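To start, the structure itself, in structure tokens.
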Protein chains: 2
Amino acid sequence: MIPHAGIIVLADSLLFYIIYFLSILFLIKKNNCLKKKISIHDLARELKISATTISFVLNGKATEKRISSEVETKILEYIQKVGYKPNLVAQSLRTGKSKIIAMLVESIDDSFFASIAKVIEVTAYKLGYKVFFASTENETEKAKQLIRLFRDRQVDGFIIAPPPGIEKEITALLEDNCPVILFDRHLPTITTTNVLIDNFDGAFSATNHLFENGFKKIAFVTLDSTQSQMQARLDGYQKAIKQAGTVSKILKLSYNLLHTEISEKIKEFLQKNKQLDAVLFATNYLALGGVDAINQLNLKVPENLAIIAFDDDLIFQLLSPSVTAVAQPVQEMSEEVIKQLMKSLAVEDQSAQQKETIILKTKLIVRKSAINFSSVKNLRTAG
Amino acid sequence: MIPHAGIIVLADSLLFYIIYFLSILFLIKKNNCLKKKISIHDLARELKISATTISFVLNGKATEKRISSEVETKILEYIQKVGYKPNLVAQSLRTGKSKIIAMLVESIDDSFFASIAKVIEVTAYKLGYKVFFASTENETEKAKQLIRLFRDRQVDGFIIAPPPGIEKEITALLEDNCPVILFDRHLPTITTTNVLIDNFDGAFSATNHLFENGFKKIAFVTLDSTQSQMQARLDGYQKAIKQAGTVSKILKLSYNLLHTEISEKIKEFLQKNKQLDAVLFATNYLALGGVDAINQLNLKVPENLAIIAFDDDLIFQLLSPSVTAVAQPVQEMSEEVIKQLMKSLAVEDQSAQQKETIILKTKLIVRKSAINFSSVKNLRTAG
DNA sequence: CTGAAAGCGCTTACAG
DNA sequence: CTGAAAGCGCTTACAG
């Protein structure tokens, strides 16, 4: 039996190599996109240095672990030469971190969310994070799904413009020690870190701007929503109306209407309420629907009807007449969001962390759609 | 010594458990966002069924592997009950697949790219894929970085609107067996699967539409770019001009100008070329810059100057007068892109796969900015 | 029909 | 100052 042992071993190892070789081939075939990459153990073999030491050097722990500087430079140079990149998936599995931040906005199409997303992406990237975006369409169910999806992908934290009804999910994230920053609107019943604007003051100032320019019958076109930002805009409008001693006139439209549906509803509203001489729109896309309605009714702005939009947009500058708008401080908001998120990311225990609410001021960009026409007020009812 | 052995073992294992317990605590502390999740082995322990069998059931291989249906339903019910979700990172590390598609567009801000991104996201999601977006700003270096970044994250495939100069990177992807679909523009020197529109015909028809409406001195405002889509639009314009026997007048602007810079350059161009009675803009944002310039010059559209834009946009419908545009078939393009990508994803060897180029037709949306004013041509030079 | 075991590529506590 | 080994949570070829 002994003489055979060698042969058996040989046959065995030959078989092993054949299988190994086949499986390599199979893997290359099967794994699209998976470059035959160098692993840390390949480096270890080549350099005759353990993977441990290489890993320490890679993670900047060379001095902490007192790796000799010769070894360090040797490793660094070799890595440079062969272009080694650690496998982030393996890293993520091991550490439980992904260096990915999830950002849920209402709609990435919307110019406000698109511009804030852009600033956040750039800033986060500089800090070593990648941001993944998704649109909730302000739907509770879609937001829940997305939170689940991103958690499954092991994101490190969330930036969320929350739709209504996801208090439970946000609380669950925080309890599981997952950093969350809310922006644009918050959820009053739960304690979170929020980056908001002064919606009340924005709407209040805009309405007063209309009064100051001689307009008196001011309507407010908004969404049928109890969300904090919409509620505050409504309150700001109503405060100004009350203070002026006039009557409010409010149109509430449901979410997720198409552009043509919005303009149709606004058209009907304007036709039924010919006394109106000005309208404040609670969002940029409502204002765009309004512009369409106004065009269709052949009304002149601001002679027949003055308008102001909440959220600025390039379009408002291009329309004739250009549209006065309440601008949100996009740059400032984005920076504050990132700042707060980085703070949370650095903290071990989310529940212990102090929750802050930052409120930034809006700025009224005065253009031509709401300037003083006191001498020729409301030609429409006259005509 | 022997009497002590038991004690040592006990002390040893006690220590072990203390350390184990502490490290668990430490892990929970350290790993933000990492829910203490159930693993497949936890399930195996509870159910007294091997992880292998559970994995087979989970991956729909129950019948293939001839798992008894009792075992299958038992597993399925338990999973349902405890809400088990496999760890996608581990799955990805093991299989080399991520079910993630990377999509590189010029700018996610741009309405054309935003709308195509949206359709693709929804469609891909239904097919079990998540799409991650990023903007190249048409910069070669940024695109290279993004490709690297996404490969590090182990994406399964790419959808790319390529900036110039990344032929090498695209080729490398294909060689590494990574599915790539180009759209909007292609790279003529390499063989890839492309989903394009008929840019030549779009520009040709638009120019002819201007001729048919009585305009004669037609300029073309485009980007200083050799990219395929821009080249084809230029060629289409020139063909129409030549066929009509008139002279061409072209303004080439560099990429990445700000809106105000674009409108400034166009303003200068229009002032220097008062003979012009129409302009075809090669992109939607060039047209918006043009609208701004035209407003500043107090020109009337189309009486003084007719305009047509390439790429439709909601804004064009809202401007007064509304702007005629060459619309790209967004829905159709998106579907075609996904279809081609899924085809590539199913193929083992990318180099062996037949590369197709799909060319879709554009549609001219006739609005008011280029309608017939043959009786009152070019008032500007007259006035 | 079902399970034990290897391994994807990392990181890190521990030992020396 | 450096390395062997375990383990993150999966999947799958192989054995029975």
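Everything numeric in this text was worked out from a predicted model, so none of it was measured. Numbered from 1 within each chain, the chains take letters A, B, ... in sequence-line order.
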> Between B:Gln353 and B:Ser344, does a side chain to side chain donor-acceptor pair (under 3.5 Å) hold up when you go through it step by step?
Replying inline: CA-CA 8 Å; B:Gln353 205 211 349; B:Ser344 290; 3.1 Å; yes
> Does a side-chain N-to-carboxylate-O contact under 4.0 Å join B:Lys61 and B:Glu64?
Replying inline: no
> Within the pair B:Lys61 and D:dT12, is there a side-chain N or O less than 4.0 Å away from OP1 or OP2?
Replying inline: yes
> Honestly, is B:Lys65 close enough over B:Phe56, meaning NZ or CZ under 6.0 Å from the six-membered ring centre and within 45° of the axis?
Replying inline: yes
>> Can you identify which nucleotide, out of D:dT11, C:dT2, D:dG3, has its nearest atom closest to the B:Ile40 side chain?
In response: D:dT11
>> Over all strands shown, is A:Ser55 touching base, sugar-phosphate only, or nothing at heavy-atom distances under 4.0 angstrom?
In response: base
> Any side-chain N or O of B:Tyr84 less than 4.0 Å from the OP1 or OP2 oxygen of D:dC10?
Replying inline: yes
> Which sits closer to the 5' end of DNA chain C, B:Val71 or B:Ala90, going by the nucleotide each is nearest to?
Replying inline: B:Val71
> Over how many whole Å does the gap from B:Ile75 atom CD1 to C:dC1 atom C1' extend?
Replying inline: 12 Å
> Do B:Arg151 and B:Glu169 pass the salt bridge (Lys or Arg N to Asp or Glu O under 4.0 Å) test, and can you show the C-alpha distance, the side-chain angles, and the key distance before you say yes or no?
Replying inline: CA-CA 11 Å; B:Arg151 287 203 71 174; B:Glu169 282 71 19; over 6 Å; no
>> Quick one, B:Ile120 with B:Ile338, criterion side-chain contact (heavy atoms from CB on, under 4.5 Å). Give me CA distance, side-chain angles, the key distance, then yes/no.
In response: CA-CA 7 Å; B:Ile120 285 182; B:Ile338 287 283; 3.8 Å; yes
> OP1 or OP2 of D:dT11 sitting under 4.0 Å from any side-chain N/O of B:Asn59?
Replying inline: yes
>> Is it the case that D:dT12 (base atoms only) and B:Thr52 (side chain only) share a donor and an acceptor within less than 3.5 Å, ignoring hydrogens and angles?
In response: yes
> Taking CG from B:Asp42 and P from D:dC10, how many angstroms apart are they, rounded to a whole number?
Replying inline: 9 Å
> Using 30° and 60° as the class limits, which term best fits the ring planes of B:Phe150 and B:Phe158: parallel, tilted or perpendicular?
Replying inline: perpendicular
> Does a side-chain N or O from B:Gln91 land closer than 4.0 Å to OP1 or OP2 of D:dT11, or not?
Replying inline: yes
> Can you tell me which stems DNA chain D forms when a stem means 3 or more consecutive Watson-Crick or G-U pairs under 3.5 Å?
Replying inline: C:1-3 with D:14-16, C:5-12 with D:5-12, C:14-16 with D:1-3
> When all nucleic acid strands are considered with a 4.0 Å heavy-atom cut-off, which category describes B:Leu88: base, sugar-phosphate, or nothing?
Replying inline: nothing
> Does some side-chain heavy atom of B:Ile101 sit less than 4.5 Å from a side-chain heavy atom of B:Lys130?
Replying inline: no
> Once you round it to whole Å, what is the distance between C1' of C:dT11 and NZ of A:Lys97?
Replying inline: 14 Å
